[in-house]
2 protein chains.
Amino acid sequence: MKLAANLQEQVASHLRRRILSGQLLPGTPLREQTLAVEFGISRGPIRDALLHLTKEGLLIARPNVGVRVANEPSGFKRNVIVHLRREIEASAISAWFETKDPALLKQLDDNLALYKEACGGSDLGQVVELDMAFHRLLVEGADNGSLVDLWLPIMLRMFLRYSRHRDLMESYHEHAGIVRAMHARHEWEALEALKLHIV
Amino acid sequence: MKLAANLQEQVASHLRRRILSGQLLPGTPLREQTLAVEFGISRGPIRDALLHLTKEGLLIARPNVGVRVANEPSGFKRNVIVHLRREIEASAISAWFETKDPALLKQLDDNLALYKEACGGSDLGQVVELDMAFHRLLVEGADNGSLVDLWLPIMLRMFLRYSRHRDLMESYHEHAGIVRAMHARHEWEALEALKLHIV
DNA sequence: TCGAGGAACATTGTTGACAATTGACAATGC
DNA sequence: GCATTGTCAATTGTCAACAATGTTCCTCGA
């Protein structure tokens, strides 16, 4: 996985995974002191991590009261999010077709293999992780990865309802379809597959 | 202005204004200890504020090294940002045309008056503040303001180059054009004016 | 001259203690 | 009975000291 040097990142990664995999349901409050004991560290890095996740949209904070896991976005908001993700990821794919760097294809192929396996298994956290990694690879490929920080909070908000509304194997085939179109150098087909995949 | 109860927010607001108004140029490093002395408080709230602004895209952080004011987005990234802002704000305006709540028009009119005045003056910080407030009103009007947290970081990244590339009075007239179309209940015209305004 | 090592410094990361705020509930007055 | 006020526990906000890390610059040897 990722080896974060500082505690703040470790805590944030851990909590992020627990939220996205559905282990922490919307509305669940997170107490700084409780988490500090749980992780065996002080409240400082916990605070930083919670602030991090709040800005990513996974938590909502009320001053002097605390944070809790954010609710799924409303239908209206989710619809906007879908369009934003499409815009970002489509731009990234179009940018890739300018260079057609084979390194990215290699990474996507590797991810696909792992993803297929994970979708068959039972570790939902792993599935989420790989799904996210797939799209992250796409976004990172464009313009030196400058879009990632823009894309991540949008992506995360959408994944708040990941666990409960997904046919995993179908999702895998959609990923595979995108990569196939990229291999075949069919830009329009790749963009169309992406658009149909993000809903 | 806004009266934040906690120091963290006060510091964040203050620094945000200084960055957006161009007093703090891209690349400028911000030291926790220096700011703590400057504000007369300890490093704790400063840390929180810097983390805040980092997640908003105004600062970039390197672990164990510190933060500095972010650079303007690349041409490629800026183009994506433009499309994202259009998507969000257009959605918000379309949502308003479902209800046509006159309260929003009143607020926009008030903002326009202040904005016109500020564009004539010399306080660039004030101009930025009011320009941002205008668009924030639009976004807040839709779906109980659920889009604001999505919109803000996108907006802020775009405003990193605000000070150096704007004809203020023209900007005012564009705002006025949008509001005029809303008063006249011409949705298409409002959306078109918005699209032309966000570039 | 140039690069490797390393000491000194500046800066961020972490910690535990204390202060301020909140929300719930009991006591009070009408 | 009902609103108001006081009190208390839980929680976040703030602080100052200490630890760990990164940077700078100097020395030393080839």
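Quick note on labels: first sequence line is chain A, next is B, and so on, each numbered from 1. Keep in mind the model is a prediction, meaning the values are calculated, not measured.
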Look at the rings of A/His175 and A/His197 and say which category their plane angle falls in: under 30° parallel, 30 to 60° tilted, over 60° perpendicular.
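A/His175 vs A/His197 ring planes: perpendicular.
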
Given atom [atom1] of [X] and atom [atom2] of [N], what is their separation to the nearest angstrom?
X       : N      : atom1 : atom2 : value
B/Gln33 : D/dC15 : CD    : P     : 12 Å
B/Arg68 : D/dT23 : CZ    : P     : 12 Å
A/Leu50 : D/dT12 : CG    : C1'   : 11 Å
A/Arg47 : D/dC15 : CZ    : C1'   : 12 Å
B/Leu59 : C/dT12 : CG    : C1'   : 15 Å

If you look at every strand shown and take non-hydrogen atoms under 4.0 Å, does [X] touch a base, only sugar-phosphate, or nothing?
X       : answer
A/Gly66 : sugar-phosphate
A/Leu30 : sugar-phosphate
A/Leu51 : nothing

Where the side chain of A/Ser42 is concerned, which of C/dT12, D/dT12, C/dT14 is the nearest nucleotide?
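Comparing C/dT12, D/dT12, C/dT14 against the side chain of A/Ser42, the answer is C/dT14.
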
Looking at the side chain of B/Asn6, which of C/dT15, C/dG23, D/dG13 is the nearest nucleotide?
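Out of C/dT15, C/dG23, D/dG13, the nucleotide with an atom closest to B/Asn6's side chain is D/dG13.
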
What is the minimum heavy-atom distance between A/Pro45 and A/Ile41, and which atoms define it?
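Here A/Pro45 and A/Ile41 meet closest at CB-CD1, 4.0 Å.
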
Is the phosphate of [N] approached by [X] (side-chain N or O, under 4.0 Å from OP1 or OP2)?
X       : N      : result
A/Arg43 : C/dT15 : no
A/Arg62 : C/dG23 : yes
B/Arg31 : C/dA10 : no

Hphob cluster co-occupancy, B/Val80 + A/Phe97, side-chain heavy atoms under 4.5 angstrom
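In one cluster with B/Val80: A/Phe97, yes.
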
Test side chain to side chain contact (heavy atoms under 4.5 Å, CB included) applied to A/Ile19 and A/Val128, A/Thr28, A/Leu58, A/Leu156, the passing residue
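Of the listed residues A/Val128, A/Thr28, A/Leu58, A/Leu156, the side chain to side chain contact (heavy atoms under 4.5 Å, CB included) partner of A/Ile19 is A/Leu58.
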
